[in-house]
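What follows is a single structure, written as structure tokens, with notes after it.
Just so it is clear, the model here is predicted, and its values are computed rather than measured.
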Amino acid sequence: MSASGKKPRGRPPKDPSKRKGALVDTQLKLTSLTSSLPNISAEPTEEDSDAESEYHTLSEQLDSAVDKIFAELTKIRNDFQKAAEKHSREIRQLKSENAELKENLGALQSRVADLELARDKHTEDINKQERFSRRSNIRIVGIKSEPNQDCLEVAREVCRKAGVVDCKIERAHRDGRIVADRDRHILVKLSYYQDKITIMKNKRQALQNESYHVLDDLSRSDLIEKRKWSQKVSELYQQGTRLRFSGGRWRSSSGRPYDFE
């Protein structure tokens, strides 16, 4: 405090003795702390060398494993690329072969269609020829077979009953497979087609009381067509519609083919 009785302004001056004592205390604490720590020398110990060696060994092993994995992955990638390229080539080749096969198939299908048309035409032409060769033939069905039977005389008698008294017959004989308990047909070839027309017109009424009947001699194709619609023809007959089979088709009274569909 000054002579005027007022306190001096600012920080009070430090006591040098107190500052010196604080330094001594700090030095003592550091000395105590240093004595309590283990003796660590600046030179590396044997344990440090072993740890460092183990670290380097593990590091090298890890690097080697990573290199092997990378090499294996690289090999897998290269193999996959080669396989993909090979498969791509094979797919392209298969596509090319498939396109060629489709083209060949189209040509073959077209050829088969042409051959089928030609076959159908040839079949129809052959059937027409066979139908023409049977044009004057009739079949007598139901006459019992007898030893030394004269089929020509039997045919003349049937023709006489059917309205043709002096019928000219080229030949007459049994025809067809031999089946037990069934008499084979008598196939008759007439000399004149007009005689056949007369017999076919008169047969239903003239032979209604006989045990046999007369049929047209049809080719196999015509016989199949006739049998195909026989049930329908019977139903139409009961309803008053009469059809006749001629030229390989069922026909109405006007001669036009009848449409069953």
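Listed by chain and residue number, nothing satisfies the salt bridge (Lys or Arg N to Asp or Glu O under 4.0 Å) test with Arg171 (two or more places apart in sequence, or in another chain). Evaluation of the side chain to side chain donor-acceptor pair (under 3.5 Å) rule for Gln129 yields no partner, not counting sequence neighbours. Scored by the salt bridge (Lys or Arg N to Asp or Glu O under 4.0 Å) test, Arg156 finds Glu153 as partners (sequence neighbours excluded). Shown here are the side-chain contact (heavy atoms from CB on, under 4.5 Å) partners of Lys168, two or more places apart in sequence or in another chain: Asp166, Ser191, Tyr192. Here Tyr193 pairs with Arg135, Ser136, Lys196, Ile197 under the side-chain contact (heavy atoms from CB on, under 4.5 Å) rule; sequence neighbours left out. Not a single side chain to side chain donor-acceptor pair (under 3.5 Å) links Ser221 to another residue, sequence neighbours left out.
Side-chain contact between Arg160 and Val164: absent, with no pair of heavy atoms (C-beta onward) separated by less than 4.5 Å. By the 4.5 Å heavy-atom criterion applied to side chains, Phe245 and Asp222 are counted as neighbours. Taking 4.5 Å as the limit, every side-chain heavy atom of Glu130 sits out of range of all side-chain heavy atoms of Arg220. Between Arg174 and Ile143 there is a side-chain heavy-atom pair separated by less than 4.5 Å. When side chains are defined from C-beta on, Lys82 does not count as touching Lys86, because their heavy atoms never get closer than 4.5 Å.
Linking ILVMFWY side-chain heavy atoms closer than 4.5 Å, directly or via other members, places Trp229 and Leu236 in a single hydrophobic cluster. Leu243 is connected to Leu218 through a chain of hydrophobic side-chain contacts under 4.5 Å among Ile, Leu, Val, Met, Phe, Trp and Tyr, so both are in one cluster. The hydrophobic cluster containing Ile224 does not contain Val141, counting ILVMFWY residues as joined when their side-chain heavy atoms lie under 4.5 angstrom apart, directly or transitively.
In Glu235, the CD atom is crowded: over 12 heavy atoms of neighbouring residues, nucleotides or ligands sit closer than 6.0 Å. Heavy-atom neighbours of Glu100 CD from other residues, nucleotides or ligands within 6.0 Å: at or below the threshold of 12.
For Ala206 against Ala162, the heavy-atom pair with the smallest separation is CB-CA, 4.1 Å. Across Met200 and Leu215, no two heavy atoms sit closer than the pair CE-C, 4.2 Å.
No donor-acceptor distance shorter than 3.5 angstrom exists from the side chain of Ser59 to the backbone of His56, with no hydrogens or angles considered. Side chain of Ser234 to backbone of Ser230: a donor-acceptor contact under 3.5 angstrom is found.
Side-chain heavy-atom separations under 4.5 angstrom define the hydrophobic clusters, and Tyr237 shares its cluster with no other residue.
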Name every donor-acceptor pair, under 3.5 Å, that has one atom in a side chain of residues 179-190 and the other anywhere in the protein, sequence neighbours excluded.
unit_1 : atom_1 : unit_2 : atom_2 : d
Asp183 : OD1    : Ser145 : N      : 3.2
Arg184 : NH1    : Gly176 : O      : 3.2

Pairs of donor and acceptor atoms involving the side chains of residues 60-77, under 3.5 Å and at least two apart or interchain, shall be tabulated with distances.
unit_1 : atom_1 : unit_2 : atom_2 : d
Thr74  : OG1    : Phe70  : O      : 2.7
Lys75  : NZ     : Asp79  : OD2    : 3.0

Can you give the donor-acceptor pairs under 3.5 Å from side chains of residues 108-115 to other protein atoms, not counting sequence neighbours?
none

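In this structure, His87 NE2 and Arg89 CZ are separated by 10.0 Å, a value rounded to the nearest 0.5 Å. We find the CD1-CG distance between Ile138 and Asp217 to be 9.5 Å, quoted to the nearest 0.5 Å. Here the CD-SG distance, from Glu146 to Cys151, works out to 10.5 Å after rounding to the nearest 0.5 Å. Taking CD from Glu225 and CG from Asn127, the interatomic distance works out to 10.0 Å, rounded to the nearest 0.5 Å. One finds the CD1 atom of Ile199 at 3.5 Å from the SG atom of Cys159 (value rounded to the nearest 0.5 Å). Expressed to the nearest 0.5 Å, how far CD of Glu170 lies from CG of Leu152 amounts to 11.0 Å.
For residues 241-252, the pairs satisfying side chain to side chain donor-acceptor pair (under 3.5 Å) are Ser252-Ser254, with sequence neighbours left out. Within the structure, every pair that satisfies the side chain to side chain donor-acceptor pair (under 3.5 Å) test and touches residues 201-214, not counting sequence neighbours, is listed here: Lys161-Glu210.
A salt bridge does not link Asp216 to Arg139: none of the charged nitrogens lies less than 4.0 Å from a carboxylate oxygen.
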> Run the side-chain hydrogen bond (donor to acceptor under 3.5 Å, both in side chains) check on Gln93 and Glu97 step by step: do they pass?
Replying inline: CA-CA 6 Å; Gln93 183 178 359; Glu97 293 176 355; 3.3 Å; yes
